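These figures come from a predicted structure and were not determined experimentally.
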Amino acid sequence: MDARNKFNTYMESPPISYWRDLCLQEGTLRHYDKGENFVSVGTVGRYIGLIKTGTLKYVAFSEDGSEHVVGLEFADEFVADYPFSLRGQKARISIVAETPCDIYCLSTAALSERLKNDPDFREIVTISTEAVFSTAYDRYIDLHTKTPKERYNILISQHPELFLLFPLKDIASFLNITPTHLSRLRKNR
């Protein structure tokens, strides 16, 4: 199974074709080098993007500065501090290119103006926000109702290529376990 298939379930929502067409028609293709931030914590995200090539990770930081991977994105998916950047709110996370990326970028400032004047666009944003929330909420529930082993087994059975796309430490962080624990789970599978 392709690693992108249903990893981010928001991709199954009806407005995805609208967003894809908008990015391809009105977006500017921008390149991000490995390690470069698409969004930096404490700043307002400047773009919503459709990833043409590459992978990115969403990173939250604890008080001591430790990095915690809270999301992963792939080619043919979207990247944004969504919906917060549309509202001019500062990001609580950073979004970092894990590999070199080419992304069709739409200005959040321009989209914010469209949001004020276009009721159809407001409806698209509402439906899209619900889809993103559903993806995040399902992951939150799984974090509390499934063991690390169950979360790992589900993740790897659905996305076996994940270790080819992201380092073990990032996958462990996404699963909210240590890299050592993840190595043991991989060995015992």
Side-chain angles (χ1 to χ4, degrees), residues 1-17 19-20 23-24 32-39 45 48-62 66-83 91-104 127-189:
M1 177 181 281
D2 187 294
R4 295 171 293 224
N5 189 22
K6 299 182 183 178
F7 183 84
N8 292 305
T9 55
Y10 72 83
M11 291 297 296
E12 299 170 359
S13 70
I16 287 305
S17 60
W19 284 109
R20 180 175 281 111
C23 285
L24 292 173
Y32 292 83
D33 290 323
K34 178 182 171 117
E36 188 174 352
N37 283 3
F38 181 80
V39 172
I48 289 176
L50 173 64
I51 305 164
K52 180 180 179 186
T53 60
T55 57
L56 298 102
K57 61 184 178 181
Y58 288 62
V59 180
F61 299 92
S62 57
S66 298
E67 185 177 286
H68 302 272
V69 176
V70 296
L72 306 169
E73 295 289 353
F74 309 88
D76 300 319
E77 292 187 341
F78 294 89
V79 59
D81 184 37
Y82 187 88
R92 299 173 201 150
I93 48 85
S94 289
I95 305 173
V96 182
E98 181 59 36
T99 62
C101 297
D102 291 314
I103 304 171
Y104 291 101
I127 294 167
S128 300
T129 302
E130 290 168 356
V132 169
F133 173 79
S134 181
T135 297
Y137 195 54
D138 287 344
R139 288 183 182 155
Y140 179 76
I141 291 168
D142 285 351
L143 190 60
H144 290 281
T145 61
K146 292 183 174 37
T147 67
K149 182 178 181 179
E150 289 171 326
R151 293 194 311 271
Y152 167 76
N153 286 336
I154 291 167
L155 182 67
I156 296 309
S157 68
Q158 293 175 345
H159 315 290
E161 301 91 351
L162 207 57
F163 286 97
L164 300 174
L165 300 170
F166 292 93
L168 182 133
K169 70 175 183 64
D170 288 344
I171 297 168
S173 181
F174 180 76
L175 289 168
N176 201 28
I177 59 178
T178 66
T180 302
H181 191 170
L182 179 54
S183 292
R184 280 191 214 114
L185 291 173
R186 288 182 78 191
K187 184 178 177 183
N188 294 327
R189 184 166 160 101

Working for side-chain contact (heavy atoms from CB on, under 4.5 Å), residues Phe74 and Leu162: CA-CA 10 Å; Phe74 309 88; Leu162 207 57; 3.7 Å; yes
Quick check on the 6.0 Å ring-centre criterion: do Phe38 and Tyr58 meet it? no
Heavy-atom donor-acceptor pair, Ser173 side chain to Lys169 backbone, under 3.5 Å: no
Taking all non-hydrogen atoms of both residues, which atom of Arg151 and which atom of Asp142 are closest, and how far apart? CD-O, 3.7 Å
Tightest non-hydrogen contact, residues Ile48 and Ala80, listed as CG1-CB, 3.6 Å
Got a donor-acceptor contact below 3.5 angstrom from the Asp102 side chain to the Gly54 backbone? no
One pair to check against side-chain contact (heavy atoms from CB on, under 4.5 Å): Glu73 and Ile95. What are the steps and the verdict? CA-CA 10 Å; Glu73 295 289 353; Ile95 305 173; over 6 Å; no
Sidechain-backbone polar pair: Thr135 side chain, Tyr10 backbone, donor-acceptor under 3.5 Å: yes
I need the minimum non-hydrogen distance between Lys57 and Val59, along with the two atoms involved. CG-CG2, 3.7 Å
Which of these passes side chain to side chain contact (heavy atoms under 4.5 Å, CB included) with Thr178: Asn176, Leu182, Thr180? Thr180
Looking at every heavy atom in both Tyr104 and Cys23, which two are closest together, and how far apart are they? CB-O, 3.7 Å
So, Arg20 side chain and Asp76 main chain: donor-acceptor pair closer than 3.5 Å or not? yes
